[in-house]
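What follows is a single structure, written as structure tokens, with notes after it.
What you see is a predicted model, and the numbers here were worked out from it, not measured in a lab. Just so we're on the same page: letters track the sequence lines, and every chain starts at 1.
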Amino acid sequence: MPELPEVEVTRMGVGPMLQGQKIHQINIYHKQLRWPIKDELKSLAGLTIKSVSRRAKYLIVQIEQSYVLLHLGMSGKLCVVDKSIAKQKHDHFEIVLTTGQALRLNDPRRFGAVLMFDEKSELDLWLAKLGPEPLSGDFNQQQLYKWTQKRQVAIKNCIMDNKVVVGVGNIYATESLFKSAIHPQTPANKLTQAQCAKLVDEIKLVLARAIKQGGTTLKDFAKADGKPGYFAQELLVYGRSGEKCKSCGSIIETMVIGQRASAYCPSCQPRL
DNA sequence: CACACAACCTGCGAGC
DNA sequence: TGCTCGCAGGTTGTGT
């Protein structure tokens with residue numbers, strides 16, 4: 001599910017409900033996620049949530065001196081509900097507040113993660129390997145061109161690489177390459193400076209637009225209020241294999257690139 | 001360092 | 001109706 005827009009939409013929904021609240025209790029219902037959830041997390045009961053921020057696809061909950069990192073994997077959802085609401089199937093982790101509300105992580109495929117760091121330095125170490133935020137100035141034409149020059153892999157793999165830029169998953173990589181008129185299999189080092197500039201612009205535009213629309217709901221994703229996001233209606237190529245290109249009418253094709261299905265318009269995104 | 005690929009899971013739709 | 005198969009939004013670890 002969640003690429004950067006979905007995580008950001010989740011942060012906007014959940015953050016205000018958590019910030020400044022005191023933790024009553026932490027419940028771990030199924031600790032086996034991407035990595036085991038540490039029992040140590042329960043020691044955060046009684047402490048106050050200072051802030052909820054985001055880096056890449058991670059949500060960062062600051063709880064006094066400690067930090068809890070949440071990742072939604074492929075199928076994770078977060079919601080804030082009254083603690084009297086019955087636990088749902090695949091609810092694995094919960095932070096209960098003294099207000100009687102609870103933040104719940106539901107993740108059928110369990111590719112998500114809940115990590116805890118005792119100090120900021122440990123958190124920073126974990127985040128240090130990540131590339132620039134796509135919506136920040138650190139992600140720009142020069143930076144992307146520098147990366148593409150030293151890589152021969154398909155450009156789609158390149159922009160989905162967290163060291164190059166974070167938060168761009170299969171949906172938004174597919175869409176931004178279409179909007180940039182670049183074939184997804186183009187070797188990264190064959191892109192011109194102008195194409196890099198265009199691609200950077202389109203990635204920023206498509207992510208910002210998706211956030212505005214509440215993210216992309218394919219099936220699992222829901223905002224903190226349980227409602228879906230509406231960006232799926234604006235997808236131009238992702239998931240449209242065999243359908244007509246909305247720009248030129250050609251039939252959208254699909255190929256596998258880096259183990260991921262990649263839709264593209266053979267006419268709008270010609271091979272080099 | 002760059003790259004390819006398997007692995008971690010459950011659910012769902014298609015086809016038989 | 002029910003089975004098997006293939007596929008799905010992500011990331012890490014291993015091997016070449």
Side-chain angles (χ1 to χ4, degrees), chain A residues 1-11 29-37 54-59 69-78 88-93 105-115 125-131 134 146-177 184-190 203 206-207 210-211 213-223 228-235 237-242 254-263:
Chain A
M1 164 210 38
E3 300 185 28
L4 185 143
E6 291 72 41
V7 179
E8 179 63 12
V9 166
T10 299
R11 184 195 65 77
Y29 299 117
H30 193 140
K31 65 173 65 177
Q32 207 55 50
L33 300 190
R34 186 74 171 75
W35 298 283
I37 304 178
R54 180 190 59 73
R55 174 76 172 97
K57 295 171 189 165
Y58 293 98
L59 279 179
L69 221 56
L70 300 169
H71 196 290
L72 301 179
M74 291 276 259
S75 57
K77 289 183 291 277
L78 283 172
Q88 305 290 301
K89 189 177 185 183
H90 304 306
D91 279 352
H92 306 311
F93 175 79
L105 172 67
N106 183 283
D107 183 9
R109 291 179 73 180
R110 290 192 273 122
F111 286 175
V114 180
L115 299 169
L125 200 61
W126 181 269
L127 299 176
K129 60 192 172 199
L130 297 172
K146 190 190 71 185
W147 269 103
T148 56
Q149 284 307 96
K150 56 180 171 182
R151 306 197 59 178
Q152 295 180 268
V153 282
I155 185 59
K156 178 159 177 280
N157 289 350
C158 191
I159 58 175
M160 288 177 70
D161 183 339
N162 273 341
K163 292 191 286 294
V164 178
V165 59
V166 299
V168 181
N170 206 24
I171 297 177
Y172 301 112
T174 297
E175 292 295 305
S176 48
L177 284 165
Q185 210 177 33
T186 310
N189 59 4
K190 294 288 199 306
I203 287 172
V206 90
L207 292 177
I211 291 169
Q213 291 296 83
T216 300
T217 295
L218 295 181
K219 47 185 178 183
D220 302 90
F221 180 67
K223 297 184 284 173
Y230 297 108
F231 192 73
Q233 298 168 10
E234 300 188 20
L235 295 175
V237 280
Y238 180 91
R240 299 194 64 247
S241 184
T254 297
M255 65 191 306
V256 175
I257 301 173
Q259 300 174 284
R260 314 299 294 268
S262 304

Nearest atoms (heavy-atom pairs only) where [X] meets [Y]:
X       : Y       : result
S176(A) : V206(A) : CB-CG1, 4.3 Å
S75(A)  : R109(A) : OG-N, 3.0 Å
P134(A) : I203(A) : CB-CG2, 4.3 Å

Counting N and O atoms only, with roles assigned by atom type, does the side chain of Q149(A) sit under 3.5 Å from a partner on the main chain of K146(A), one being a donor and the other an acceptor? no
For R54(A), give me all partners under salt bridge (Lys or Arg N to Asp or Glu O under 4.0 Å), at least two apart in sequence or on another chain. E8(A), E133(A)
Round to a whole Å and report the spacing from [atom1] of [X] to [atom2] of [N].
X       : N       : atom1 : atom2 : answer
W35(A)  : dC8(B)  : CH2   : C1'   : 11 Å
N189(A) : dA2(B)  : CG    : P     : 12 Å
L72(A)  : dG10(C) : CG    : P     : 11 Å
M160(A) : dG10(C) : CE    : C1'   : 8 Å
L70(A)  : dG10(C) : CG    : P     : 17 Å
I155(A) : dA2(B)  : CD1   : C1'   : 15 Å
N162(A) : dG13(C) : CG    : P     : 13 Å
K31(A)  : dC8(B)  : NZ    : C1'   : 18 Å

Classify the nucleic acid contact of [X] as base, sugar-phosphate or nothing, counting any heavy atom under 4.0 Å across all strands shown.
X       : value
K89(A)  : sugar-phosphate
Y238(A) : sugar-phosphate
W147(A) : nothing
A261(A) : sugar-phosphate
Y58(A)  : sugar-phosphate

Side-chain N or O of [X] less than 4.0 angstrom from OP1 or OP2 on [N]?
X       : N       : result
R260(A) : dC7(C)  : no
H71(A)  : dT11(C) : yes
H90(A)  : dG11(B) : yes

Using the P atoms only, state how far dT14(C) lies from dC9(B), rounded to an integer number of Å. 16 Å
Can you spot which of I155(A), I159(A), V164(A), T186(A) makes a side chain to side chain contact (heavy atoms under 4.5 Å, CB included) with T148(A)? I155(A)
Taking the inter-plane angle between the rings of W35(A) and W126(A) on a 0 to 90° scale, is it parallel (under 30°), tilted (30 to 60°) or perpendicular (over 60°)? perpendicular
Enumerate the salt bridge (charged side-chain N to carboxylate O under 4.0 Å, His left out) contacts for residues 149-159 of chain A, please, sequence neighbours excluded, ordered by first and then second residue. R151(A)-D161(A)
Could you go over nucleotides 3-7 of chain B and give all protein N or O partners under 3.5 Å, atom names and distances?
residue : atom : partner : partner atom : Å
dC3(B)  : OP1  : Q152(A) : N            : 2.6
dC3(B)  : OP1  : V153(A) : N            : 3.2
dC3(B)  : OP2  : R151(A) : NE           : 2.6
dC3(B)  : OP2  : R151(A) : NH2          : 3.0
dA6(B)  : N7   : Q259(A) : NE2          : 3.0

Under the 3.5 Å rule, do the base of dC9(B) and the side chain of R110(A) count as making a donor-acceptor pair? no
Which helical stems does DNA chain B take part in, if a stem means at least 3 consecutive Watson-Crick or G-U pairs with both distances below 3.5 Å? B:2-8 with C:10-16, B:10-16 with C:2-8
R34(A) meets the side chain to side chain contact (heavy atoms under 4.5 Å, CB included) criterion, sequence neighbours left out, with A113(A)
Using the rule for Phe, Tyr, His and the six-membered ring of Trp, do F111(A) and dC9(B) stack at under 5.5 Å and under 30°? no
Which residue pairs satisfy the ring-ring contact (aromatic ring centres under 6.0 Å, His included) criterion with at least one member in residues 146-170 of chain A, sequence neighbours excluded? none
